[in-house]
Protein chains: 2
Amino acid sequence: MSNNHLIRQAHLFRTLMHPARLAILEALRDGEECVCHLEAHLGYRQAYISQQLAVLRKAKLIVDRRDGLNVFYRIARPDILTLLDITRAMVGGSVSADLRAAKAVDCPCPKCAGSLVPSAAALP
Amino acid sequence: MSNNHLIRQAHLFRTLMHPARLAILEALRDGEECVCHLEAHLGYRQAYISQQLAVLRKAKLIVDRRDGLNVFYRIARPDILTLLDITRAMVGGSVSADLRAAKAVDCPCPKCAGSLVPSAAALP
DNA sequence: TTGATTTATGCAGGAATTTGAATATAGTAT
DNA sequence: ATACTATATTCAAATTCCTGCATAAATCAA
């Protein structure tokens, strides 16, 4: 009886068991984001984000890329998004429309800086 | 920020987090089965099966139907099978081929009785 | 009713996980 | 080198969960 598959499947589901981790994956849906962005976007403390990122990273669901001070994370396998779509539909609700809408947040990283209207601090 | 979806999604994943529950769902893939069948097929004790069935039932993933002494369970929403297929593919391995192969087990319920070669106990 | 069979539930010990605070590491700039 | 920023990790407390035992409920037969 090869239940190794079942165990690995269960581990995968276990990784997806937490709302914060699901929120992180949804935030990464459109492409890579730095930790500071996730912090500002999702409203969790930095250490907490980092911990949940570590769980997702160890499960090989996301991968990181360092660029200077910032670390950018992205989804490692696209099929995880299909999984999120299906379950999202199962519990009712369109896919992450609300989450994407709130994407313009004040994040200091170079990538996010361009996508914002100039803040007051940048003006004379 | 409507994270109700995320919470419900997380609950769904939490329900699928356990190998025994996944095994039960796989056993129900081809149609309804009674508890005694699951007991014999999966090799868990009766109380344990019943507990895991209760978890799945409360999550509305399976429904029960009583027929005399026996209670038959079946999958409540087919899309859960799609979910299992996708994750099964993600962790590697074909869908439940091994589980279905071992389906002929000695189970006393009326439904299973017909699908077995006559056991020694039924002969004079 | 009594007894037998099938399934469900309540409870307690122990294991695993989440959570938050404190601290450590890596990179950049002065 | 020192200071500073961004991210990671460690550690302990609290909560939650799994597991197994004992027992209860439901159904049928005599």
Side-chain angles (χ1 to χ4, degrees), chain A residues 6-7 10-24 27-28 32-59 62-74 105-113 121, chain B residues 6-7 10-24 27-28 32-59 62-74 105-113 121:
Chain A
L6 292 181
I7 293 177
H11 279 326
L12 173 58
F13 285 126
R14 173 184 292 265
T15 305
L16 299 173
M17 194 190 68
H18 200 285
R21 295 199 282 269
L22 294 178
I24 289 175
L28 297 180
E32 68 176 13
E33 299 290 353
C34 65
V35 179
C36 61
H37 183 99
L38 296 172
E39 191 180 344
H41 176 33
L42 300 177
Y44 294 109
R45 289 172 311 114
Q46 178 271 320
Y48 186 67
I49 292 277
S50 227
Q51 278 182 159
Q52 305 306 335
L53 283 173
V55 174
L56 292 169
R57 177 161 31 84
K58 280 167 191 159
I62 58 177
V63 291
D64 56 339
R65 174 183 72 85
R66 177 145 224 150
D67 180 17
L69 277 182
N70 300 303
V71 175
F72 289 84
Y73 279 92
R74 67 177 182 279
V105 291
D106 192 23
C107 169
C109 79
K111 185 190 176 192
C112 299
Chain B
L6 292 180
I7 292 177
H11 279 326
L12 174 57
F13 284 127
R14 176 186 291 267
T15 305
L16 299 173
M17 194 191 68
H18 199 285
R21 295 199 280 270
L22 293 178
I24 290 176
L28 298 180
E32 66 176 13
E33 300 289 353
C34 65
V35 179
C36 61
H37 184 98
L38 296 172
E39 190 181 345
H41 176 32
L42 300 177
Y44 294 109
R45 288 171 311 109
Q46 179 271 319
Y48 185 67
I49 292 276
S50 227
Q51 279 179 333
Q52 305 305 334
L53 284 173
V55 174
L56 292 170
R57 177 161 31 83
K58 281 167 189 159
I62 58 177
V63 291
D64 56 339
R65 174 183 72 86
R66 178 143 224 150
D67 181 15
L69 277 182
N70 300 303
V71 175
F72 289 84
Y73 279 92
R74 66 176 184 280
V105 292
D106 191 22
C107 168
C109 78
K111 184 191 174 189
C112 300

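Chain A is the first sequence line, chain B the second, and so forth, proteins listed ahead of strands; every chain is numbered from 1. Quick note: numbers below take in every heavy atom, side chains included, and nothing from hydrogens, waters or symmetry partners.
As rounded to whole Å, 11 Å separates atom P of C:dT7 from atom CG of B:Asp64. The CD1-C1' distance, from B:Ile62 to C:dT7, rounds to 13 Å in whole Å. When the P atom of D:dA8 is taken as reference, atom CG of A:Leu56 falls 12 Å away, rounded to whole Å. Taking atom CZ of A:Phe72 as the reference point, atom C1' of D:dT7 lies 13 Å away to the nearest angstrom. When the P atom of C:dT7 is taken as reference, atom CG of B:Leu42 falls 13 Å away, rounded to whole Å. To the nearest angstrom, C1' of C:dT18 lies 13 Å from CE of B:Met17. Taking atom CG of residue A:Leu16 and atom P of nucleotide C:dT17, one finds them 15 Å apart after rounding to whole Å. Taking atom CG of A:Leu38 as the reference point, atom C1' of D:dA6 lies 13 Å away to the nearest angstrom.
The side-chain heavy atoms of A:Leu28 and A:Arg74, taken from C-beta on, include no pair separated by under 4.5 Å.
Summary of the strand contacts: A:Arg45 and B:Glu39 both lie near DNA chain C, and taking for each the nucleotide with the nearest heavy atom, the more 5' one is attributed to B:Glu39.
Contact check, B:Arg21 against D:dC18: a side-chain N or O comes under 4.0 Å of OP1 or OP2. At C:dT7, none of the side-chain N or O atoms of B:Tyr44 fall inside 4.0 Å of OP1 or OP2 (strictly under the cut-off). At the phosphate of C:dT19, OP1 or OP2 sits under 4.0 Å from a side-chain N or O atom of A:His18. The side chain of B:Arg57 places an N or O atom within less than 4.0 Å of a non-bridging phosphate oxygen (OP1 or OP2) of C:dT9. Side-chain N/O atoms of B:Tyr48 include none lying less than 4.0 angstrom from OP1 or OP2 on D:dA22. When the side-chain nitrogen and oxygen atoms of A:Arg14 are compared with OP1 and OP2 of C:dA16, none of them lie within a distance under 4.0 Å.
Relative to the side chain of A:Val71, the nucleotides C:dT6, D:dA8, C:dA8 differ in distance, and D:dA8 lies closest. Comparing C:dG27, D:dC21, C:dT7 by their closest approach to the side chain of B:Gln51 singles out D:dC21. Nearest to the side-chain atoms of B:Gln52 among the listed nucleotides D:dT7, D:dT19, D:dT9 stands D:dT19. Side-chain proximity of B:Leu69 to the nucleotides C:dA21, D:dC28, D:dC21 is greatest for D:dC28. Taking only side-chain atoms of B:Asn70, from C-beta outward, the nucleotide of D:dT9, C:dT6, C:dT9 with the closest atom is C:dT6.
Counting only distance, with no hydrogens or angles, the side chain of B:Arg66 and the backbone of B:Gly68 share a donor-acceptor pair below 3.5 Å. Under a 3.5 Å cut-off, the side chain of B:Arg21 and the backbone N or O of B:Thr15 do form a donor-acceptor pair.
Counting all heavy atoms, side chain and backbone alike, B:Met17 lies closest to A:Ala10 at O-CB, 3.1 Å.
With rounding to the nearest 0.5 angstrom, the CG atom of A:Leu53 is 4.5 Å from the CD1 atom of A:Ile24. Atom CZ of A:Arg14 sits about 11.5 Å away from atom CD1 of A:Ile7, to the nearest 0.5 Å.
You'll find a donor-acceptor pair under 3.5 Å spanning the side chain of B:Gln46 and the base of C:dA8, going by distance alone.
Among the atoms of the strands shown, only primed sugar atoms or phosphate atoms (P, OP1, OP2) are found under 4.0 Å from some heavy atom of B:Arg66.
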